[in-house]
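All heavy atoms count here, side chains included; hydrogens, waters and symmetry mates do not.
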Amino acid sequence: MTKHELTFSRIKELLKTHFPNLISEFENGTHLTLNSENEEESPIWIELDEGGMLTVGIGVAHKHFYPNIDNLNEGFNEFLHFLTCKKKRTDFYKGKSQFKSIYYYELKNGTYKNYGTVSNLNLSFWKKITENTITQNGFIEHKKIESEIESIKSTMHNNV
């Protein structure tokens with residue numbers, strides 16, 4: 001087992017321990033989604049495929065981390081941060097049709113960083129654009145899982 005597979009496994013254990021009713025597993029357990037109790041809020045998710053590519057996402061927005069190019073630990077750190085930070089999503093509508101969403105997450109200094117934009121083509125150019133922002137708290141307080149996060153980070157940085 002590679003250190004990245006071990007790190008993913010440790011994250012899966014953390015999620016199953018603290019969120020047994022909110023976690024969904026797909027692709028034989030290599031894709032994990034943590035759903036919010038509020039259906040309007042965005043889930044966070046993480047996937048480690050057979051080739052070692054890590055994908056981390058909020059809602060539909062996601063980033064890929066390639067094992068030979070990127071530092072997968074950055075992706076693991078993002079996911080662990082998403083567990084405890086505030087997130088927000090701004091949805092844009094033309095009429096009643098949603099055509100764009102922008103996902104943000106809160107940094108430690110209290111500012112928000114854009115994580116990604118998802119949109120589709122809406123040709124209703126004559127309709128007024130309206131927007132709706134949904135803010136959600138972290139899934140758990142950092143203090144409650146701080147020791148587990150540090151243990152996972154230790155696994156990430158140690159050679160197996």
How long is the span from the [atom1] atom in [X] to the [atom2] atom in [Y], to the nearest 0.5 Å?
X	Y	atom1	atom2	result
N73	H4	CG	NE2	6.0 Å
T155	E5	OG1	CD	13.5 Å
T111	E106	OG1	CD	8.0 Å
I44	S36	CD1	OG	10.0 Å
D91	Y93	CG	OH	4.5 Å
T133	F92	OG1	CZ	7.0 Å

**OP:** Measure centre to centre between the rings of F82 and Y115, then say whether the value is under 6.0 Å.
**Re:**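 F82 vs Y115: aromatic centres under 6.0 Å.
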Heavy-atom closest contact ([X] atom, [Y] atom, distance):
X	Y	value
G75	V56	O-CG2, 3.4 Å
T130	G95	OG1-O, 4.5 Å
L15	L32	CD1-CD1, 4.1 Å
K94	S124	CD-O, 3.4 Å
Y103	A61	CD1-CB, 3.5 Å
E78	K63	OE2-NZ, 3.6 Å

Original post:
Given E25 and K16, is the salt bridge (charged side-chain N to carboxylate O under 4.0 Å, His left out) satisfied, shown in steps?
Top reply: CA-CA 10 Å; E25 290 187 48; K16 286 184 173 183; 3.0 Å; yes
Original post:
When you look at CG of N38, are more than 12 heavy atoms from neighbouring residues, nucleotides or ligands closer to it than 6.0 Å?
Top reply: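 Check passes, neighbour count above 12.
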Subject >> Beyond-backbone contact of L83 with H81, side-chain heavy atoms, under 4.5 angstrom >> reply: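 Counting from C-beta outward, L83 and H81 never come under 4.5 Å.
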Subject >> Cation-pi, Y105 ring and K87 (6.0 angstrom, 45 degrees) >> reply: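 Verdict for Y105: no cation-pi partner in K87.
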**OP:** Taking the six-membered ring of Y112 (Phe, Tyr or Trp), confirm whether the NZ or CZ of K86 is under 6.0 Å from its centre and within 45° of its axis.
**Re:**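 K86 over Y112 ring: no.
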**OP:** Start with the C-alpha distance between N28 and T30, add both sets of side-chain angles, then the distance that settles side chain to side chain donor-acceptor pair (under 3.5 Å), and finish with yes or no.
**Re:** CA-CA 6 Å; N28 296 322; T30 62; over 6 Å; no
Original post:
Taking NZ, NE, NH1 and NH2 as the nitrogens, is one of them in E41 or K88 under 4.0 Å from a carboxylate oxygen of the other?
Top reply: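 So E41 does not pair with K88 through a salt bridge.
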Original post:
Under 3.5 Å, is there a donor-acceptor pair between the side chain of K100 and the main chain of N120?
Top reply: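 Not at all, since once roles are kept as given, no pair shorter than 3.5 Å links the two residues.
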**OP:** Evaluate the ring planes of H62 and W45, with Trp represented by its six-membered ring, and classify them as parallel (under 30°), tilted (30 to 60°) or perpendicular (over 60°).
**Re:**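 Aromatic pair H62/W45 classed tilted.
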Original post:
Would you say the side chains of N35 and S24 form a donor-acceptor pair under 3.5 Å?
Top reply: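 S24 and N35 do have a side-chain donor-acceptor pair below 3.5 Å.
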Original post:
With distance as the sole criterion, is a donor-acceptor pair present between the side chains of S42 and R89 under 3.5 Å?
Top reply: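 On atom types as modelled, these side chains qualify, holding a pair under 3.5 Å.
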